[in-house]
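A quick write-up on the structure given underneath.
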Amino acid sequence: MAKETTRESEAAIGTLAKLGRLFAVCGVVGVLVAALFVPAGAVAKGVVGGADDFLSVVPSSLEFGSPAQATTVLAADGSTIATLYAQDRKVVDLADMSSFIKDGVVSIEDARFYEHGGVDPTGIVRALVATLKGGRQGASTITQQYVNNLLIEQLVAEGKTDEAKLGMQKTMADKVREIQMSIGIEKKMSKDDILAGYLNIIYFGNGAYGIEAASKLYFDTTAKDLTLPQAAALAGVVNSPGFYDPISQPENVVQRRNDVLAKMLAQEKISQKDYDAAIKTPLELHLKRSAQGCAAAATAPYFCDYVQQLVLNDTAYGATAEERAKTLYQGGLTIQTTLDPSLQKVAQEQVNATMAPTDPLQRGAAIVTVKPGTGEVLTMAQNTVFNPATAPGNYMGNFALPVNDAKGKPLHGAGGFPIGSTFKPFIFAEWLNSGHSMATSINGAVRVYPTGYPWKNSCGTTTGAYDYAAGTFPLPNDDPNHYFSMSAEEGLYRSINTVTFQTATALDFCNIQKMATAAGVKEGRTNKPYDLSNIANLIGTQNVAPLDMATAFATFASGGTRCEPIALASITDASGKKYPVPGADCKRTMSADVAAGVTYALKNVLTIGSGYNIPLDDKDYSFAKTGTTDGNIDTWTIGGNNAVVSASWFGSYQGNGPEWVNQDIVINGKYFPGVDGADLAGGQWAAVMNTAAQNPSHAASPLAQPPAEMLQPTAPLIAGLNDPEPGVDAPPLQQPVPQEPQQPAEPQQPAEPQPSAEPTPPAEPQPTAEPKPPAEPKPSAEPQPPAPTQEQAPGPEQPAPKPPKPAPEAPKP
């Protein structure tokens, strides 16, 4: 009996408490409802006057501007590369929405929308009573739903998604606050503006936010062109996008659509004839899913990611990383880029044809193209799949880029690759810059450089040796037929290692490094200057990103003006605000004469030098340099003309061990004894350059000619004894014999006459393998590849000499 009395008492107390809360709420509601009849700004007395002041204040922090919108990345011609978003949404004006969707939403969601002042008094009381009883009763007007979505959007934008409340999660205080703000907004905005804001912000399921995105997703149309059945279906979805999902719950959608149509008919928004026809129409979806993110950029995913990182790294788009991400993924930006879509298409086709990403060999191919004098990035293609999932050929690193930008911010770059003989033009540039002639005869027979050789380096030290006494082989060329004297120019276009080293004996390594750095060359994993502390690095053992190599060669093409690569042409947000974009910061970094001298010599690479078999259509206005590293692991062709420059790479991006050597290998059904720079890299390079030549905006003109003194004959260079300069009258000096006599076990090369300036290249030169010196210990902790080999120059195929046996007293290599 006592227990029953206690339970009855508790029930009575609970009922009184609920009634108390109900009366309190009703009191608040009474004040709110009274305010509905008071014009904004009117001077009222008592309770109503206080309510008007209370309701006229909407939190200043609430943003009434456009909700989060998708960003569009465009190519130079205005075509879409990709869309980036946190929410798939495109805001449109009410005039760009079908009248059916406007009438349909009002009919089913808030029939008295154009009559009330933000809330439906009867519905509010009913909903609050239901809430007190632990139930749920929907009574939110379109204005209230708009306010609720604005609040949620703001929390999401601030990274406070967990604070957003939906439906039953709302407390009585939440509902009262929602009512307060709804009435306040009605005093600040027109009904049409509220309806437009609502239709642009609400969620329609399956990732579609706003009526424009929903129209595209479900019916592949625009909000303006929605038919009556389509509009009624979408109007029904907003009540519960999960339950009324057009894709997974079509029966529920049809039933809800017909309810919407019945409401529209009852409210005289449509005729009986329209109603009869609409309910008989089947739900015919035409799904058009929005391609989200760089992974969906079919022709340029890695370029897209490059653009994405440029925005995320730059404080011009937000002081913090969070602000920049909000700008990029919610700001509705239109990002115009420099990408040439027609040229990019060819570049992507070429790298894919060089080697499919799923090929069991798992090699990489890449091309990046820039415009000399502007820095504009025109192409950025590679043969892997931009996908984080673990699978053959999936790779998220960008072959074209260094790991980080100049400020240490991530670029998602692969960090570059050893560049082989493509570094030689910078040594040649310093040779010309220091007053030498390209016609100077250089002794290519010198192969031994002992430990302690007096290399000059005014900003550091340079060590290393090619000498049996130091435990290494003599300096090799790839071709056994070119250990003789030739001009510095011929040594470059035939890419003869021994000639490169002899010219370096007369140069300051510090100045070589400065020349390369000024042109744009830098180590791809650290962004430090190219390391010349070891003589092996003269022939390209360091990692450099293809984009930086393209930039450096564009410096030659532009007459000595280096431009930083740029990918952003303009950025505008949804409101029309224009953001600044980085400039190319073009500046002269070498003399026009030196640049002209380099391109003059490199023209011959394509006609009588190491790249003579590259299938370029126009070799008159073009220049290039090939490069191949030890084991043919990394191969390059870099060059172009004064309108377009491309860096093309083929190699092994997953390692440099024995399993990644590109010798004695079959690729796409073709056997390669050794893949050279002129082969796969050269072929894809030529295809891009040939396509560019067909575009008038990329039309090239003749390359500049070097000054006469750069072409004047001089006395031959004798390392350590003279430093011949053009114009100095000096009798020719007899070439000395090599520094070290050849070991008896090594076959001696027969004496050859000096080749003419225009030898006829053979039909199919084959690379030969010169014994390579073993890798020397490197100062860094990261293992470095041994000195690169030299690609085959034109000449009759010769058997590779066998490794010479060291003298008994010399340590074994």
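Quantities reported herein were computed from a predicted structural model and do not represent experimental measurements. Starting from 1, each residue takes its place in the sequence as its number.
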Can you confirm whether [X] is buried at [atom1], in the sense that more than 12 heavy atoms of other residues, nucleotides or ligands lie under 6.0 Å from that atom?
X	atom1	value
Lys263	NZ	no
Lys522	NZ	yes
Lys288	NZ	no

**Report entry** For Tyr329, all residues meeting ring-ring contact (aromatic ring centres under 6.0 Å, His included), sequence neighbours excluded
**Finding:** none
For [X] and [Y], work out which heavy atoms get closest and say how close.
X	Y	answer
Val237	Tyr244	CG2-O, 3.4 Å
Ser182	Glu178	OG-O, 2.7 Å
Ile566	Thr374	CD1-O, 3.7 Å
Tyr203	Pro241	O-CG, 3.5 Å
Ala196	Met97	O-CE, 4.0 Å

Query raised in the report: Going by atom types alone, do Asp193 and Ser190 pair a side-chain donor with an acceptor below 3.5 Å?
Result: yes
Can a salt bridge be assigned to the pair [X] and [Y] using a cut-off of 4.0 Å between side-chain N and carboxylate O?
X	Y	answer
Asp120	Arg112	yes
Glu186	Lys191	yes
Glu251	Arg257	no
Asp220	Lys216	yes

Report task. Taking Tyr209 for its side chain and Ala86 for its backbone only, find out whether a donor-acceptor pair lies under 3.5 Å. Result -> no
Query - Check: Asn313 side chain, Pro410 main-chain N or O, donor-acceptor pair, under 3.5 Å - result: yes
**Report entry** Pairs meeting criterion disulfide bond (SG atoms under 2.5 Å apart) with involvement of residues 295-354, two or more places apart
**Finding:** Cys294-Cys304
**Report entry** Verdict with reasoning, Asn148 to Gln145, per side-chain hydrogen bond (donor to acceptor under 3.5 Å, both in side chains)
**Finding:** CA-CA 5 Å; Asn148 186 50; Gln145 293 181 52; over 6 Å; no
**Report entry** Aromatic ring proximity, centroids under 6.0 angstrom, Phe417 and Tyr653
**Finding:** no
Requested in this report: Go through the structure and list residues passing side chain to side chain donor-acceptor pair (under 3.5 Å) with Arg89, not counting sequence neighbours.
Outcome: Gln87
Query raised in the report: Is any side-chain heavy atom of Thr227 less than 4.5 Å from a side-chain heavy atom of Phe100?
Result: no
